[in-house]
Trainee: 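Could you have a look at this structure, given as structure tokens, before my questions?
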Amino acid sequence: MTPAQAEARVEDHGDHLRVTLSNPGRRNALVPSMYVSLREALEQTAAEDRLGAVVLTGAEGYFCAGGDLNALATRAAMSRDERRALIEDLHATIRAIRACPRLVIAAIEGGAAGAGLSIALACDLLVAAEDASFAAAYVRVGLVPDGGLTASLARRVPAGFAARMCLTGDPVSATTLAGMGVVTDLVAPGKALARAADLAARFAQGPAAAQGAIKRLLASARDGDFDAQLDREAEAMTEALAGPEAAAGLKARLNRTAPDFGRGSSGAEKEETRR
């Protein structure tokens with residue numbers, strides 16, 4: 001039997017497009033082909049007034065676990081330009097979500113982590129099951145946020161809360177984020193996709209041009225320079241991917257062991273280790 005492939009499946013539901021992130025057995029970890037399919041869906045939606053929204057969801061009861069750890073672990077051996085190009089592919093997708101004149105609705109079951117959380121926060125509305133959880137878990141493998149995550153969090157939650165999420169990587173419940181207005185619709189488990197479809201149908205009956213204008217106005221009202229923040233994140237992530245902390249963190253996660261980031265060693269011990 002041929003193993004299932006990672007993909008972003010696009011389905012036309014008449015009043016909206018549904019994009020389902022699917023990477024069986026990996027909690028829908030992201031691969032570059034998913035970005036291409038999602039951007040193509042966003043372009044199609046923008047060109048057709050009958051479509052009120054793109055509904056973005058994940059297969060098998062989970063939204064998206066972020067970057068594939070096996071793939072991330074190979075990037076230290078790439079050139080700096082190659083690492084940066086892969087991050088920019090994610091960032092092009094984030095920009096496309098934000099620039100789409102139609103509404104983009106994240107329908108979240110299970111949870112979203114890492115770049116999966118970045119993608120969710122780029123959407124206009126977040127519909128989440130009550131038992132879903134969210135984690136900015138980069139730091140746990142020695143990496144830093146990308147996909148606009150630092151900017152998205154900074155604009156939606158108190159500074160201290162954003163700092164705690166990014167610096168600990170601890171999961172946060174959907175109910176907590178709903179209390180802060182980040183999750184816009186909190187639903188019973190298993191109902192996120194249905195609520196998102198209902199919203200998309202409602203938007204499809206509304207004024208497309210006005211909706212697009214409102215989306216742009218809301219973005220300009222709350223944003224500083226988001227693109228500049230994406231560039232800063234890309235620079236930091238490009239460096240982190242080739243660093244010793246990411247090597248230790250990703251290896252430990254893949255081996256299901258606790259990471260050792262070398263914080264307990266003296267300068268002399270670290271120098272001896274490098275020789």
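All values below come from the heavy atoms of this structure, side chains included, with hydrogens, waters and symmetry mates left out.
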Trainee: Distance from Thr20 atom OG1 to Glu11 atom CD, nearest 0.5 Å?
Mentor: 5.0 Å
Trainee: Could you give the distance from CE (Met237) to CG (Leu86), rounded to the nearest 0.5 Å?
Mentor: 11.0 Å
Trainee: Do you reckon Met165 sits in the same ILVMFWY cluster as Val182, going by side-chain contacts under 4.5 Å, direct or chained?
Mentor: yes
Trainee: Less than 4.5 Å apart, side chain to side chain, heavy atoms only: is that true for Thr168 and Val139?
Mentor: no
Trainee: Take atom NZ in Lys215; do more than 12 heavy atoms of anything else shown fall under 6.0 Å from it?
Mentor: yes
Trainee: With a 4.5 Å limit on heavy-atom distance, are the side chains of Ile94 and Phe226 in contact?
Mentor: yes
Trainee: Counting heavy atoms not belonging to Arg202, are there more than 12 under 6.0 Å from its CZ?
Mentor: no
Trainee: Answer whether the closest heavy-atom distance between the side chains of Val19 and Ser37 falls below 4.5 Å.
Mentor: no
Trainee: Got a second to check how far Gln44's CD is from Cys100's SG, nearest 0.5 Å?
Mentor: 11.0 Å
Trainee: Who are the side-chain hydrogen bond (donor to acceptor under 3.5 Å, both in side chains) partners of Asp231, not counting sequence neighbours?
Mentor: none
Trainee: Counting N and O atoms only, with roles assigned by atom type, does the side chain of Arg95 sit under 3.5 Å from a partner on the main chain of Leu230, one being a donor and the other an acceptor?
Mentor: no
Trainee: With a 4.5 Å cut-off on side-chain heavy atoms, are Val55 and His13 touching?
Mentor: no
Trainee: Between Leu17 and Glu40, is the side-chain contact (heavy atoms from CB on, under 4.5 Å) condition met? List the steps.
Mentor: CA-CA 11 Å; Leu17 295 185; Glu40 289 175 349; over 6 Å; no
Trainee: Please tell me if the side chains of Leu38 and Leu42 come closer than 4.5 Å, counting only heavy atoms from C-beta onward.
Mentor: yes
Trainee: Find out whether Leu90 and Met34 are in side-chain contact, i.e. whether some heavy atom of one side chain is under 4.5 Å from a heavy atom of the other.
Mentor: no
Trainee: Would you check if there is a donor-acceptor pair between the side chains of Thr175 and Ser173 at a distance under 3.5 Å?
Mentor: yes
Trainee: So, are Asp225 and Arg232 salt-bridged, with charged N and O less than 4.0 Å apart?
Mentor: no
Trainee: Of the non-hydrogen atoms in Gly116 and Phe63, which two are nearest, and what is the gap between them?
Mentor: O-CE2, 3.5 Å
Trainee: Step by step, would you call Asn70 with Arg26 a side-chain contact (heavy atoms from CB on, under 4.5 Å)?
Mentor: CA-CA 11 Å; Asn70 289 291; Arg26 294 186 177 274; 2.9 Å; yes
Trainee: Is a side-chain donor or acceptor of Arg80 paired with a backbone partner of Thr238 at a separation under 3.5 angstrom?
Mentor: no
Trainee: Check the pair Lys191 / Asp198 against salt bridge (Lys or Arg N to Asp or Glu O under 4.0 Å), numbers first and verdict last.
Mentor: CA-CA 11 Å; Lys191 300 296 184 182; Asp198 287 345; over 6 Å; no
Trainee: Calculate, to the nearest 0.5 Å, the distance between atoms CG and CE belonging to Leu177 and Met180 respectively.
Mentor: 6.5 Å
Trainee: Please report the shortest heavy-atom distance between Ala136 and Leu117, naming the atom on each side.
Mentor: N-CD2, 4.0 Å
Trainee: Enumerate the residue pairs fulfilling salt bridge (Lys or Arg N to Asp or Glu O under 4.0 Å) with a member in residues 96-119, sequence neighbours excluded, ordered by first and then second residue.
Mentor: Asp49-Arg102, Arg98-Asp223
Trainee: Examine distances only and state if a side-chain atom of Arg83 and a backbone atom of Glu239 form a donor-acceptor pair shorter than 3.5 Å.
Mentor: no
Trainee: Counting only N and O atoms by type, is there a donor-acceptor contact under 3.5 Å from the side chain of Asn28 to the main-chain atoms of Asn23?
Mentor: yes
Trainee: Would you name the heavy atoms of Ala73 and Leu254 that are closest together and state the gap between them?
Mentor: CB-CD1, 4.0 Å
Trainee: Hydrophobic clusters here meaning ILVMFWY residues chained together by side-chain heavy-atom distances under 4.5 Å, can you tell me if Tyr62 and Leu69 are in one?
Mentor: no
Trainee: Is any side-chain heavy atom of Tyr138 closer than 4.5 Å to one of Asp146?
Mentor: yes
Trainee: Checking His91 side chain against Gly147 main chain: does a donor-acceptor pair fall under 3.5 Å?
Mentor: yes
Trainee: Indicate the atoms forming the closest heavy-atom contact of Leu21 with Ala8, along with that distance.
Mentor: CD2-CB, 4.1 Å
Trainee: Under the 3.5 angstrom rule, does the side chain of Thr57 hit a backbone N or O of Ala107 as a donor-acceptor pair?
Mentor: yes
Trainee: To the nearest 0.5 Å, what is the distance between OG1 on Thr74 and CG on Leu241?
Mentor: 9.0 Å
Trainee: Considering non-hydrogen atoms only, spot the tightest contact between Pro259 and Gly249 and give its length.
Mentor: CB-CA, 4.1 Å
Trainee: Using 0.5 Å steps for rounding, measure from the OG1 atom of Thr184 to the CG atom of Leu125.
Mentor: 4.5 Å
Trainee: Starting from Tyr35, can I reach Leu56 by hopping between I/L/V/M/F/W/Y residues whose side chains sit under 4.5 Å apart?
Mentor: yes
Trainee: In sequence, state the C-alpha distance, the side-chain angles, and the governing distance for Arg156 and Leu126, and then conclude on side-chain contact (heavy atoms from CB on, under 4.5 Å).
Mentor: CA-CA 12 Å; Arg156 292 175 182 242; Leu126 274 70; 4.1 Å; yes
Trainee: Taking atom CZ of Arg164 as the centre, does the number of heavy atoms from other residues, nucleotides or ligands within less than 6.0 Å exceed 12?
Mentor: no
Trainee: Test Leu30 against Ile119 for side-chain contact (heavy atoms from CB on, under 4.5 Å), laying out the working first.
Mentor: CA-CA 11 Å; Leu30 296 164; Ile119 287 174; 3.9 Å; yes
Trainee: Determine whether Ile97 and Val10 fall in the same hydrophobic cluster, where Ile, Leu, Val, Met, Phe, Trp and Tyr are linked whenever their side-chain heavy atoms lie under 4.5 Å apart.
Mentor: yes
Trainee: Evaluate the side-chain proximity of Ile108 to Val183: yes if any heavy-atom separation is below 4.5 Å, no if none is.
Mentor: no
Trainee: Quick one: does Asp124's side chain have a donor or acceptor within less than 3.5 Å of a partner on Ile105's backbone?
Mentor: no
Trainee: Please check if Val104 and Leu153 belong to a single hydrophobic cluster, counting links between Ile, Leu, Val, Met, Phe, Trp and Tyr side chain heavy atoms closer than 4.5 Å.
Mentor: yes
Trainee: If every non-hydrogen atom of Leu72 is compared with every non-hydrogen atom of Leu143, which pair is closest and at what distance?
Mentor: CD1-CD1, 4.3 Å
Trainee: With salt bridge (Lys or Arg N to Asp or Glu O under 4.0 Å) as the test, would you mind laying out the steps for Glu60 and Arg27 before giving the verdict?
Mentor: CA-CA 8 Å; Glu60 299 180 347; Arg27 286 192 166 184; over 6 Å; no
Trainee: Can you name the side-chain hydrogen bond (donor to acceptor under 3.5 Å, both in side chains) partners of Thr150, sequence neighbours left out?
Mentor: Gln229, Glu233
